[in-house]
Each structure stands twice: as C-alpha cells, then as structure tokens.
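Chain A is the first sequence line, chain B the second, and so forth, proteins listed ahead of strands; every chain is numbered from 1.
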Protein chains: 2
Amino acid sequence: MSRSERKTVRDLRRGNRAMLLRELYFAGETNRHALSAATGLSAGSVSTLTADLLAENMIVESGQVDSDGGRPRVLLRVNPDYGYVVGVDVGETHVRVELFDLAMTVRASAYYALHTARHDPELVARHLLMGVDSVVADAAVPYDKVLGIGVGVPGIVEGGPDALVHATTFGWDSVPFGALLRRGTSLPLFVDNGAKTMGQAELWFGSARDAGDAVVVFIGSGVGCTLVTDGSIYRGAGRAAGEFGHLKIVAGGRPCRCGGQGCLEAYVGAESIIDRAGITADAADQEPTLARLIREGSPVVEESADLLGIGLSNVIHLLNPERVVIGGWAGLMLGGAQLARVQASAAANTMSSFPPVPIVLGRLGADAVAMGAATLVVEELLRGTPASIPATA
Amino acid sequence: MSRSERKTVRDLRRGNRAMLLRELYFAGETNRHALSAATGLSAGSVSTLTADLLAENMIVESGQVDSDGGRPRVLLRVNPDYGYVVGVDVGETHVRVELFDLAMTVRASAYYALHTARHDPELVARHLLMGVDSVVADAAVPYDKVLGIGVGVPGIVEGGPDALVHATTFGWDSVPFGALLRRGTSLPLFVDNGAKTMGQAELWFGSARDAGDAVVVFIGSGVGCTLVTDGSIYRGAGRAAGEFGHLKIVAGGRPCRCGGQGCLEAYVGAESIIDRAGITADAADQEPTLARLIREGSPVVEESADLLGIGLSNVIHLLNPERVVIGGWAGLMLGGAQLARVQASAAANTMSSFPPVPIVLGRLGADAVAMGAATLVVEELLRGTPASIPATA
DNA sequence: ATGACTTTCTTCAAGGCTTAGATTATCGTC
DNA sequence: GACGATAATCTAAGCCTTGAAGAAAGTCAT
C-alpha cells in the first residue's frame, strides 16, 4: 500500500543519479545543459553527478558541438564499453545467445538448434552456458566486464532465485531453470518470459518507445504479451501477467495445448493456424508453412486476423493502452499481410466511446527476444543500486 | 519513461511526511515507535514530523497505552475532524450524497431518485449540488473544512478539468459533467467512474485491503471493474481502463447495449440477466426481480455465474491478480448465491500452471460507490501536496 | 587583434534533511 | 526509593541540492 521509498539524503542522490543515467542512456548523446533541463536538476548537481559518472568510467565525453556564440557543449554518453550484457532467447526450436555492449550493439552471437521434443532442461542449460562462454570469447571481452545474463524462456517464470519455469507447451513443469544455470555461472542472472523480454525491447528501442501504457503482443508458435504500465512492464502478483494467448474468445471452442478450450492461442498461434489449415508440419517447418498459407491467402489466416482483433479489443477494453504492438515471428508475418484486417476487427469490437488505439507492427524483428533479455541486465544497472560494478572500470 | 521525481531535500521531506501520514491513516491508531518501524524512518524524524502534523492539527494524540515497564506510548491518529469529504454516487436510478469525516464515518447523507430516462445532466448536477449543501448543513460542519467532493458516475470519465463523461447506457455522450458542477461549487472536485470508486473503497477498507495487485469487479445494471496494480488504481492511457463488461466472451453473441455483440455485460449485468429470463422490468424493479430469479434458481442465473467465471479467467490470465473481489449490488446478490459456481468456472477456465486466485465478495455493500468517491479526496490529502489546507485548522 | 557578448560548465556558501547517539520522561519492580 | 526498561526528544554531524558567482571557451563586430 505504501510505496515511495527514498528516505535519507543519500537515497536522494542515488535516485537522482539513476534518473540522470537513465536519461543519458535513452537520449544517446547529450550535454550537461540539456540533462539539467530534462531531469529538472540544477546545473550544479548535474555537474557533480556527471563528474562522478565520468570518474567511474560509466559515461564518456564524446565530442563537442558549437553553440551559437558561446562555450561549446561537451557531449556525454554512456560508455558502451563500460560493460557488456548477454541476452539469451530460449525458443521452442533454438537457443540463441548474444553479447551486447551497452549501446546494444551485437558483439558476438551463438545459435543452437533444439530438436523437437528434446527440451531437456539440462541440455538447454548446457547449450546456454556454452553459448555464453562462446560469445564472451568471440567478442574478446574480459569476463569481469560482463554485467550479467538475461534469459527469455517460454512459459511462466516464477520469481525467486530458482526461477521456476512453468511451460506446459515446452514440456517444462516447474523446472528450476535459474538454479540450473546458477550451477554453471556466477554472473548475475535474470530469467523472464520471452514475450516479456521482447516487449521490453520494443518498449526501449522499438515501436513502443516512450509509451507510458502499451500492450506488446507476441505471436510465435504460441501467443503471449507484455503489458506496459507507467512506462515499465507489469508482471502481476506472481509474475504471470500477460497470458494473452489463453484468453477465452470462443466459448467451448477449439481445445488448446494448454488443456483449455477456446483460447486465443488455439486460433492465432502459428502452430494452431497451421493445424487448422489441415497441415501437419514439423516444428522446424512452421515458418515456411505459415508463410505459404499467408501467401496463398488461406481463409484460416483471415479468420485468425479477425480473432486476433477480437482478442486485442479485450485487452484494449481492459487496459486502455495508448498503443498496441504486434511482434514475434508469426505476428510479424501475420501482421505484415493482414494488419488492416486485424485493425478493422479490433475497431469493430471496441466500444465507440473508446479512443481509437493504433495497432502497429514491432520494429525490431524476431531477434528482439534476446535483445530484450539483455536489457533486463541494463535495467538493473540503470536502477543505480550499488553492486554490479565490475572490478576494473 | 523516467519516473521517480524527488529532487531536492525539501521534496524528500514531503515524501516522508506523506508516507507517515498514509501509514497513520491506514493504521488507524499507532504510536511514534511503531511508525518508526513501519516507515523505516528514524525515531528522530518521526518525532519532528509528527510534531509538525500535530501543530497543523492534522493528527491528534488519542490516549496512551502502557508498555510493559517503561514510558507509556502516546497513541496518535489522524484527526477525524481535521476536515470533511463528500462522496457522491451517481447511479442509474439515483444520486446519493454522503458527507464523511476523515475516519470515513458518515456524518450526513442525502438521496435523490432519478426517474428512468430522465438523466438530464443539468438535473443530475442540480441534485448533486443541492445534496452537497444539504449534507454540509445537516452535519453542521463549516464549509471551509470541506476538503472536496468525489463523484462516481457511470461510464468512462476523461481526465481534464471538464471531466467529460461518456456513458452510452446512461444517455450521456461527452457530457462535461465536471464543468457543469464547477459552475455550482468552488470545492476541489474529483470525478471518476463509479466502478472505480467502489474499487478504491474495497481496496482501502474492504475485501481488497492491503492487496498489491487485485481486480475488483462491479456488477450493477451494467458491469465494470477496477484494476489494482502496485496498490493503486490503474486507469490506463485515457482513464478508460477496466471496461470488463465489454470483454467479448461469446463470439457473435447477444447484442449488448453498448452496440457490440457478445459482451460480458450482455449476459451478467442485472439488466441482461432479467432480460434473458424473459422478464420486462422497470429500472426501479431490477433489484427485487433479480432477487426473485436468484431465489427461484433460474437457469439463466447459473449460466450467468458460469460466464462470469469465464470473464474472470480472462482477467486472471491477463493480469495475474492476487485476489478478485466481486461487488456492486447485483454482484453481491449473484455472488451471495452462486459464488462457488463462479469460482469453479473461473478455475476450470484458468491454466493449471496458474496459481489459484481467491475470488471473494465485497465487504462494504452497495454504498461503497459513494464512500470510494470520497476517498478520492482523501487520497489527494494523503499525497501531501500542499494546498487543500483549510483556513482554520 | 581586441573587446563585448554568449553560452556552458564549475565552484562554493547556505540552508535543509536524516541519523545516531545522548538525554529526558515515565512507567514497573525489587 | 533506586534501578532498569521503554518511549520520546534533543543535538551534533554529515550529506545533498540549490543558487549565485565565477571560470572557460567560443562567436562576432569593429
């Protein structure tokens, strides 16, 4: 009930520092004057705070620009090489590991195919850890400058150090994936649902950028989503919020792989679309198969767009977002061809007294899951809590 | 994107003061020692802050309790007579005005029946303002100690000074109700959707008390809800979040009074239940008619319970609340008789990997709308922003 | 080249805040 | 009645932000 910490003057400084750093991170490149305006802090405070950050090598001066008739401004930016973050996308068919610098430039990546029905958690964990070693080596980066590992996985991820994962469709039932990884690395670890990591990527750098309240829908084999409230991801009481795919949109409808009936995912997930078209496709063939169905203008695809619109109208009624973003590989395919139909269906099913909501496609492509996972680590850094300061700055 | 204000050391104090006041308000009666523990502030800070609040007459000492073998603790509480707040429930059939002290004790109330199809905004506003004058007079309270008026109305309430109200079912289409009231009073005004004010009442004093993440469903003639995130009400980008009643749960289903099809409200709102049972009832007769249907065990009622459960499962999947509360006069009736059925239906339609969610009835009865509206004013007071300090404290 | 003017950034005294620890108040108990 | 215990207040010390003044580093007109 009572939020709002911040008690001593020390906390005040921490908060202001975090605010400044955040501004600096998202602005990309600014000067002290602009920072002062953006954060509301006095010029003096900005000066001392940036001095601290410069001394820690967390930010760097990156040039100057003339100001019409005055002392030139010194440009500041977050030091991309202050540290590195690893993002991992554990998908239904693969494990993708990428190493980013703080400017989110990919420095190295690794990919491991998962063969169907072989989602042994131990194996996945081994791939993942191997991938981490590999990207750190490939990027030729000192280990102690890796700030942490973010991992996006299918299913619901419980909090806690074990990071229990419940992903029926993936064959994982209460798998302590965090604990499994913990055995192989001592780096800070952040495990979350893959739809949410993608959502954070779109929120930070993609189509949901700067949105205060948004919904980012993820459509791959299954369907998930990220709810953005007040500019950050809402996770709910048990970190399970956003199970958009299991909204019931057809009473007593098609059985879903979750065990329920009439779920949205049973209609608009790639697996379901293909299944409904009467095709039997291997997991690895889903992508080309769906592409073909869309190209051929299958009525199943159109129906999926209509149903997705209904599903979106539900989210719109409930959450009143300022924007809806559709992402995930299947979402981008479906949306690429049928966005207008989705929009029309959503609008038709939304009350007229509701302000119209833009529905757009994700901008970061299918790789956003790994990038978003990496941002979980960056988020921690920007929070400004001590720790996570590498030995040699 | 960047939240977290709090910049100067002055803001720090304001924040701490607000935190303390909030704690004091919800604890009801505490001592300085306990406050220190609860807020994390040092004993010294609590001492000076409470001294300020006492000097302003915002809190009072209310007795002592012995502490086993030591100086007795001085009990502190918010001064119930520091100021008064007015809460108004504008419903489909009535305008109810109540005046509360800060302990939320009703000091006076007024009631005006609205005759069907006569929801002229001007008339409603006149009733409301008359009611305010009436309760202030009845309670024999000085006008300058009335801190503000909170109003709960049907439909969507846009922010802004005009408080535009969109309530199709009420016959209001973009009615600037706030502006209308503003012409008749200079008191601070807070207009919000009635389902949300009820939700806030249940959150502060009822079944959702202390919940961080909860959903409070309101069922009257229509259906609405309040989403509680991080201990406070989530309103969405355009303050329209929570239109639970217009989730589509039956594709291509029954026409709803909103103009859509298959909305939840078209099945579980009191008006719809009665209609589906084949009865024609006047608005004023809805209550006894629904009571009779429930008593007679009408199959329509059972079906409504099942559908409500499905609707709730959608909210649960999307928001992962720790608790669901059912309120509103029809909700309390329906829930009183069919709660088990609602719970069973919700559980049956929720993924097994989801933690089970308690579904309970509201505890404050049908009057919660007005009380919740009044809390909007109190909320402002607790926020600790200057202003709203009556002349004579 | 020079001086006036601009704009950016830094320095520093002043004022405010919380804290920790010492002090005072007020009980029960031996 | 002294002593211990618990509650509340007082005080010195240490941070922090601000605002104003000053330093830095340019442009521009003459």
Does a side-chain N or O of [X] approach OP1 or OP2 of [N] to a distance below 4.0 Å, or not?
{"X": "Arg14(A)", "N": "dC16(D)", "result": "no"}
{"X": "Ser45(A)", "N": "dT18(D)", "result": "yes"}
{"X": "Arg10(B)", "N": "dG16(C)", "result": "no"}
{"X": "Ser42(A)", "N": "dT18(D)", "result": "yes"}
{"X": "Asn16(A)", "N": "dC16(D)", "result": "no"}
{"X": "Arg32(A)", "N": "dT10(C)", "result": "yes"}

Rounded to whole angstrom units, what separation is found between the [atom1] atom of [X] and the [atom2] atom of [N]?
{"X": "Asp11(B)", "N": "dG15(C)", "atom1": "CG", "atom2": "C1'", "value": "14 Å"}
{"X": "Arg17(A)", "N": "dT17(D)", "atom1": "CZ", "atom2": "C1'", "value": "17 Å"}
{"X": "Gln64(B)", "N": "dA25(C)", "atom1": "CD", "atom2": "P", "value": "15 Å"}
{"X": "Arg73(A)", "N": "dA25(D)", "atom1": "CZ", "atom2": "C1'", "value": "14 Å"}
{"X": "Leu12(A)", "N": "dT19(C)", "atom1": "CG", "atom2": "P", "value": "13 Å"}
{"X": "Glu61(A)", "N": "dA24(D)", "atom1": "CD", "atom2": "C1'", "value": "13 Å"}
{"X": "Leu75(B)", "N": "dA8(D)", "atom1": "CG", "atom2": "P", "value": "9 Å"}
{"X": "Asn31(A)", "N": "dG26(D)", "atom1": "CG", "atom2": "C1'", "value": "15 Å"}

query: Between dT17(D), dC17(C), dT9(D), which nucleotide gets closest to the side-chain atoms of Arg13(B)?
result: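 Side chain of Arg13(B) sits closest to dC17(C).
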- prompt: Which one, dA23(D), dT17(D), dC27(C), comes nearest to the side chain of Arg71(A)?
  reply: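 From the listed options, dA23(D) comes nearest.
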Is it true that [Y] and [X] share a donor-acceptor pair across their side chains at a distance under 3.5 Å?
{"X": "Thr375(B)", "Y": "Gln200(B)", "result": "yes"}
{"X": "Glu29(A)", "Y": "Ser62(A)", "result": "yes"}
{"X": "Ser207(A)", "Y": "Arg363(A)", "result": "no"}

query: If you look at every strand shown and take non-hydrogen atoms under 4.0 Å, does Val74(A) touch a base, only sugar-phosphate, or nothing?
result: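 Sugar-phosphate, backbone atoms only, no base.
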message: Has Asp213(A) got a side-chain atom pairing as donor or acceptor with Glu322(A)'s backbone, closer than 3.5 angstrom?
response: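 No, Asp213(A) side chain to Glu322(A) backbone: no donor-acceptor pair under 3.5 Å.
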Toward the 5' end of DNA chain D, by each residue's nearest nucleotide, Leu49(A) or Gly70(A):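 Result of the comparison: Leu49(A).
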field: Residue whose closest nucleotide on DNA chain D lies nearer the 5' end, Val46(A) versus His33(B)
entry: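 Closest to the 5' end, via its nearest nucleotide, is His33(B).
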- request: Between Val9(B) and Asp66(B), name the one whose nearest nucleotide on DNA chain C is closer to the 5' end.
  value: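 In this pair, the answer is Val9(B).
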- request: Specify whether Trp204(B) and Phe26(B) have parallel, tilted or perpendicular ring planes, treating 30° as the upper limit for parallel and 60° as the lower limit for perpendicular.
  value: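 Correct class here is perpendicular.
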